[in-house]
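Bear in mind the structure is a predicted one, so any value in this text is a computation, not a measurement. Proteins come first, then strands; the chains are lettered A, B, ... in the order of their sequence lines, and each starts at number 1.
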Amino acid sequence: MKLIRLAAKNLLRQKRRSILLGSAIAFGILFVTLINGFTGSFIINVGENFSNLLAGHIFIDGVEKSETGKELYIIRDDSALMDAVDASGIDYRFLTKRSEIRGSLLFEGNGINQSIVGADWSREGYFKERIILKEGSFDNMADPQALIISSKIADRLQVELGDRVIVKMQTYTGQQTAGDFTIAAVSIDTGLFGSISCYANLDYVNELLNLASDEYLTLGIYLPELVDTEPSTNSLIPELEKRINLFSRETAGDENPFMAILEQQEEEEWEGVRYRLSNINDILSEVEEIVRILNIASIVILLVLFAIIMVGITNTFRMVMFERIQEIGTMRAVGMQRSEVRQLFLLEALFLALFGLAAGYLLTAGTMGILSSIYWGVDTPLFMLLKNGYMTFTVTAGQILLNTAIVTLLTLAAAFRPSDKAARLEPGVALATEK
Amino acid sequence: MAIVSLKNVKKTYPLGKTEVKAVRGVSFDIARGDFISIAGPSGSGKSTILNMIGCIDVPTEGTVELNGHLTSDLNDREITRLRHKFVGFIFQSFNLIPVLTVYENIEFPLLLGKNVPASPERKDWVNYLMDEVGLKDWTKHRPNELSGGQRQRVAIARALVTKPELVLADEPTANLDSETSEAIIGLMKKVNQDMGTTFIFSTHDPTIVDLAEHIIRLRDGLIDSEYRRDTEGGR
Ligand SMILES: Nc1ncnc2c1ncn2[C@@H]1O[C@H](COP(=O)(O)OP(=O)(O)OP(=O)(O)O)[C@@H](O)[C@H]1O
Ligand SMILES: [Mg+2]
């Protein structure tokens with residue numbers, strides 16, 4: 001108790017020095033917690049942006065083995081799927097039925113390989129809000145052959161609103177065919193992932209793919225929250241298995257479930273119609289790897305930063321020991337044990353660490369507040385990492401605990417040698433030392 | 001039994017390639033309740049001897065007995081406990097802890113060790129001592145707000161707070177003017193008479209030396225003369 005008060009008072013003795021060291025600790029914490037916070041949101045934001053783009057969190061598509069052994073992607077009759085969704089009792093916002101063309105878009109000698117998603121726009125109102133148009137409007141989608149392309153594709157093809165572009169493609173059975181679209185709108189390019197798709201009307205896409213109007217390729221289930229993905233997947237699987245032949249998502253170890261599906265599809269002997277269930281986490285597992293690397297990097301940065309800060313702390317405590325050498329001698333003379341001298345200095349270091357940590361977390365909260373109130377826009381390459389154009393930060397209690405423990409332990413470690421030296425001083429020598 | 005007993009104590013300090021013989025063979029006993037001055041010119045070994053009595057330095061040769069304990073038999077922990085319980089220190093430059101108030105400085109040794117007295121008792125005792133040394137209005141002041149004489153009074157109170165049997169004062173008046181010096185020695189003498197505490201103080205100031213009942217004069221690390229007022233009377 002007496003040591004605690006004395007240590008606190010001693011820390012305040014050289015305010016400027018304490019503030020300097022405390023600030024160094026605070027900045028270390030700021031830096032690392034910001035990275036943690038950013039990467040923590042990274043996965044969530046990428047997940048949400050992906051689910052918006054793909055209009056779903058869980059996806060089911062059908063694969064059919066033809067007589068010639070060719071795999072055809074098609075959902076002919078989705079009543080079993082719908083029954084399963086109903087029976088599973090999962091909560092969803094909406095269902096999407098989409099078909100997709102993979103082909104080449106051609107315009108006046110320019111060509112580009114591109115996938116074109118066909119969606120039923122009358123049912124995808126939510127999705128409409130997610131696409132930000134630069135030119136044109138959704139009203140133009142009334143044209144059955146309308147096409148929305150991103151500004152990047154528009155530049156590459158050098159097309160303008162109203163131009164007609166050709167698509168060279170295959171039907172679902174693999175027949176070469178071609179179609180033509182009218183550029184109805186140009187969307188803002190939302191970075192890396194934003195230009196994945198062009199969008200068209202489901203009916204025309206189906207027609208080109210040679211599908212009937214009630215057929216399509218992928219059923220998307222849009223859930224209320226990203227975190228519902230796994231639980232809903234797990235509820236859905238048994239219901240699907242009762243009704244249809246589903247590829248198993250079971251994996252040995254932490255392999256990506258979708259990879260397991262592809263393996264079965266390629267290597268197993270099977271026939272008839274089978275279905276594949278994938279979810280947003282299958283896609284995100286790659287992103288999770290990036291997040292893991294970033295978090296490890298942040299710990300490494302913290303350690304490197306702290307190696308530097310520790311040198312400062314050690315030197316300061318050496319100086320402090322020398323400045324107070326008479327005092328140490330006096331305290332020892334009046335009956336303080338060596339161990340108590342050590343404790344006194346270590347407590348001072350502990351308070352320094354706590355002060356730095358508290359300041360660091362306050363600073364972090366403030367910085368996060370400011371950064372997350374800035375609108376970065378939706379047409380930035382960072383779009384995928386943002387939430388509707390805003391930065392968000394998610395830090396777990398575990399990360400804070402880990403960073404706090406690292407900083408506290410390293411501060412104590414840095415102060416240990418000088419503290420121990422102070423404790424080992426012979427009282428007579430300490431008292432006789434001239435400064 | 002003598003409270004302090006030195007037998008053929010020698011102390012050499014290494015100094016570069018040579019060594020300094022600070023104390024070259026000193027033996028004496030100090031009786032309980034003594035009020036003794038160790039006098040001598042600068043460099044004669046006064047501080048060295050006091051430090052060895054106070055167990056903050058160890059002799060190179062010879063033995064120091066404190067209250068019947070041979071100090072060379074004790075480890076650092078035991079020595080520290082002995083110092084805490086048995087010895088009080090007063091220093092030439094006061095050596096108060098600057099961040100603590102007058103009250104806290106005096107109380108400080110009481111909070112060390114295992115048997116910390118209960119709060120009300122402790123408070124009464126510290127207040128009593130502050131009153132005794134004439135500082136009861138200065139409780140909350142920091143040492144740097146006090147005069148030299150006042151600081152040394154705080155140091156005296158601090159030295160007495162654990163009720164030690166022996167108080168060592170190395171040149172307690174060297175940083176004070178002569179009037180204050182006499183007042184400080186007077187205060188020490190009063191405590192010596194009231195509480196029976198043994199005082200050993202060093203000085204090279206002849207007028208201060210004269211205030212002691214028992215005087216050991218040193219020269220070049222050896223006892224030059226020993227003088228006892230009560231047995232030999234007068235001066
Ligand atoms: N730690 C030390 N290292 C080397 N020499 C020392 C040390 N302490 C004391 N001495 C030497 O020992 C001798 C005796 O010193 P001491 O301090 O005991 O004398 P003193 O009588 O107290 O003198 P003063 O009146 O100046 O305080 C001196 O020559 C001093 O230089
Ligand atoms: Mg001296």
* What do you reckon, is NZ of K9(A) surrounded by more than 12 foreign heavy atoms closer than 6.0 Å? -> yes
* To do: Check whether any side-chain heavy atom of Q337(A) sits under 4.5 Å from a side-chain heavy atom of H84(B), and report yes or no.
  => no
* Asked: Who in residues 87-119 of chain B is close to chain A, using a strict under-4.5 Å heavy-atom cut-off?
  -> F89(B), F91(B), N95(B), I97(B), P98(B), V99(B), L100(B), E104(B), F108(B), P109(B), L111(B), L112(B), G113(B)
* **Within 6.0 Å of CZ in R417(A), more than 12 heavy atoms from elsewhere** => no
* Does F28(B) CZ have over 12 foreign heavy atoms under 6.0 Å away? -> yes
* If you check every heavy atom in residues 345-364 of chain A against those of chain B, which residues fall under 4.5 Å? -> none
* Report the distance from atom CD of E340(A) to atom OG1 of T80(B), rounding to the nearest 0.5 Å. => 9.0 Å
* Count the heavy atoms belonging to other residues, nucleotides or ligands that lie under 6.0 Å from NZ of K189(B), then report whether that count exceeds 12. => yes
* chain A contacts: which residues in residues 142-166 of chain B have a non-hydrogen atom closer than 4.5 Å to it? -> R158(B)
* Greater than 12 external heavy atoms within 6.0 Å of Y128(B)'s OH -> no
* To do: Name the region of L431(A), side chain, backbone, both or neither, that has any atom closer than 4.5 Å to a heavy atom of chain B.
  => side chain
* Flag if over 12 foreign heavy atoms under 6.0 Å of NZ, K421(A) -> no
* NZ/NE/NH1/NH2 to OD/OE distance under 4.0 Å, D76(B) and R332(A) -> yes
* **For chain B, the option from G428(A), A430(A), S339(A) that forms the most heavy-atom pairs under 4.5 Å** => G428(A)
* G329(A), A333(A), P427(A): which one forms the most heavy-atom pairs within less than 4.5 Å of chain B? -> A333(A)
* Could you tell me whether R32(B) atom CZ has more than 12 heavy atoms of other residues or ligands within 6.0 Å of it? => yes
* Scan for salt bridge (charged side-chain N to carboxylate O under 4.0 Å, His left out) pairs involving residues 56-67 of chain B, sequence neighbours excluded, and state none if there are none. => K10(B)-E61(B), K11(B)-D57(B)
